[in-house]
Amino acid sequence: MLNTAFQLGNLKVPNGVLLAPLAGVSDVPFRRVCQELGAGLTYIEMLSAAGMPHNNRKAGELIARGAAEPILGAQMTGAKPEIMALGAKILMEKDLVVDTLDINMGCPVKKIVGRGCGSAIVKDPKLAGEILQATREAIDIPVTTKIRLGFTKMNQTVEEVCAELVSAGTEMLVIHGRTRDCGYSDPVQYDRIKDGFEAARSAAGERKVHMIGNGNVFDLKTAREMVDKTGCDGIMISRGCLGNPWIFDQILNDHELQPTVNEWLEVVLRHTEYHREFYTEGHYAAIRFRKHLLWYVSGFPGSRALRNEISQVNSMAEVRERLLRYAESLPGELRRYGDPHEFAKTGEYDPKNEMDRDHDRGVEHYEES
Ligand SMILES: Cc1cc2nc3c(=O)[nH]c(=O)nc-3n(C[C@H](O)[C@H](O)[C@H](O)COP(=O)(O)O)c2cc1C
């Protein structure tokens, strides 16, 4: 089912395994790697509607589409209907061509929430619907929404928000199965995602709205769990793809095989090449690549020691050299550890499992005046 194409309005999405918009991560080079490994739809990093009239270097880098990208989504957040509508309009006037726009109603970052954006919107289901409606009226591409279960555990608005969004015409509904006050270590509430989908389906009547589950999808097993427990049509991958773009291939082709050292090296070097093409060969490019390296080396022996070295790399040439040296120290047919718990028993750890709140976000992108 996840391997089936679906329509978002006029847009054909090749499969239901999507790459989430990931601040500081889902740039042109990383999206390309994920697309090559099967991701059905990928997004540029979240934009601020209020920040759209202003341009800076980061915005230029964010709002970019690679020549090889088959389809592309953008994501934006805005506190009010008129702000979102204007931001969406400005986006459509830029050179970048995007095929669909998602409205972020889930971001927990203090700076965003303090401005009434991101997850603050789910406090007010009616407002959520109005923001969506105004955005749909402003642009011609399919508009979708990504929400949390509610602002707090005690105030879960998921059913009301889903019903409002569907009535206002969302083409797709992505539910992250946590509230804003949850940390990443809190479990995903599959039953509440399901409640949201049911409310959405009953508001949709005959109209098909795509339901996408999000949260803790780290491999084939957790992807199946999301589908079985929520009845979603598709899934959105977030931390599960950090250092692990193979996850798309595993889920779409129904296998649990981890890459061997040789397969791993081939993809990581390809990523470094795309990264160098996009950011050019310099200190800035290397710094931006460091976090990918930290995630990529996880799952192989000796990664803890390597991490210290990696956090010092200053050029993409140095990145390549470290990667080759490390790969040479391991048998080429050795497979990466799949199970993070098994991996943890080796005394190693995976940094992406320790992320929370502001640490994991490129919040510097959300500059607003
Ligand atoms: C580094 C990072 C950046 C993120 N950036 C965004 C973003 O720009 N837009 C968004 O809707 N969610 C963003 N998220 C949230 C994820 O899309 C997702 O909802 C959340 O991580 C839960 O999924 P997971 O448990 O599979 O990681 C981000 C998460 C991480 C870890």
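Each ligand, and each atom within it, is numbered from 1 in the order the structure gives. Computation of the quantities below employed the complete heavy-atom set of this structure, encompassing side-chain atoms and omitting hydrogens, waters and symmetry-equivalent molecules.
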- Item | Candidate pair Asn244 and Tyr296, rule side-chain hydrogen bond (donor to acceptor under 3.5 Å, both in side chains), full reasoning | CA-CA 7 Å; Asn244 185 27; Tyr296 273 129; over 6 Å; no
- Message: Against ligand 1, does Cys107 come closer than 4.0 Å with any heavy atom?
- Response: no
- Would you indicate which of Lys146, Met46, Met105 comes nearest to atom 15 (C) of ligand 1 when only heavy atoms are counted? Lys146
- Item | Contact partition for Tyr184 relative to ligand 1, non-hydrogen atoms under 4.0 Å | side chain
- Do NZ/NE/NH1/NH2 and the carboxylate oxygens of Arg65 and Glu69 come within less than 4.0 Å? no
- Item | Nearest neighbour of atom 22 (C) of ligand 1 from the list His176, Glu45, Gln75, Met76, on a heavy-atom basis | His176
- Query: Considering distance alone, does some N or O of Val25 sit under 3.5 Å from an N or O of ligand 1?
  - Reply: no
- Task: Please assess Asn155 against Arg180 for the test side-chain hydrogen bond (donor to acceptor under 3.5 Å, both in side chains), listing each intermediate value before the final yes or no.
- Result: CA-CA 10 Å; Asn155 180 22; Arg180 192 253 172 181; over 6 Å; no
- Message: Starting from Ile71 and following side-chain heavy-atom contacts under 4.5 Å between hydrophobic residues (I, L, V, M, F, W, Y), which residues can be reached?
- Response: Phe6, Leu8, Leu11, Val13, Leu18, Leu41, Tyr43, Met172, Val174, Ile212, Met236
- Query: Hey, which atoms in ligand 1 end up nearer than 4.0 Å to a heavy atom of Ala20?
  - Reply: 17 (O)
- Query: Quick one: do Asp254 and Arg224 make a salt bridge, cutoff under 4.0 Å?
  - Reply: yes
- Atoms in ligand 1 with a heavy atom of Leu22 nearer than 4.0 Å: 2 (C), 3 (C), 4 (C), 5 (N), 6 (C), 28 (C), 29 (C), 30 (C)
- Taking atom types as modelled and ignoring hydrogens, do the side chains of Thr145 and Thr170 form a donor-acceptor contact shorter than 3.5 angstrom? yes
- Numbered atoms and elements of ligand 1 in range of Arg178, under 4.0 angstrom, heavy atoms: 22 (C), 25 (O)
- Give a yes/no on ligand 1: does Pro21 have at least one heavy atom closer than 4.0 angstrom to it? yes
- Message: Using salt bridge (charged side-chain N to carboxylate O under 4.0 Å, His left out), reason through Lys126 and Glu130 one step at a time and then give a plain yes or no.
- Response: CA-CA 6 Å; Lys126 237 182 150 32; Glu130 287 163 6; 5.1 Å; no
- side chain to side chain donor-acceptor pair (under 3.5 Å) partners of Asn262, counting only residues at least two apart: Glu333
- Query: Atoms of ligand 1 less than 4.0 Å from Asn216 heavy atoms?
  - Reply: 24 (P), 25 (O), 26 (O)
- Message: Give the atom numbers and elements of ligand 1 that come within less than 4.0 Å of a heavy atom of Arg239.
- Response: 24 (P), 25 (O), 26 (O), 27 (O), 31 (C)
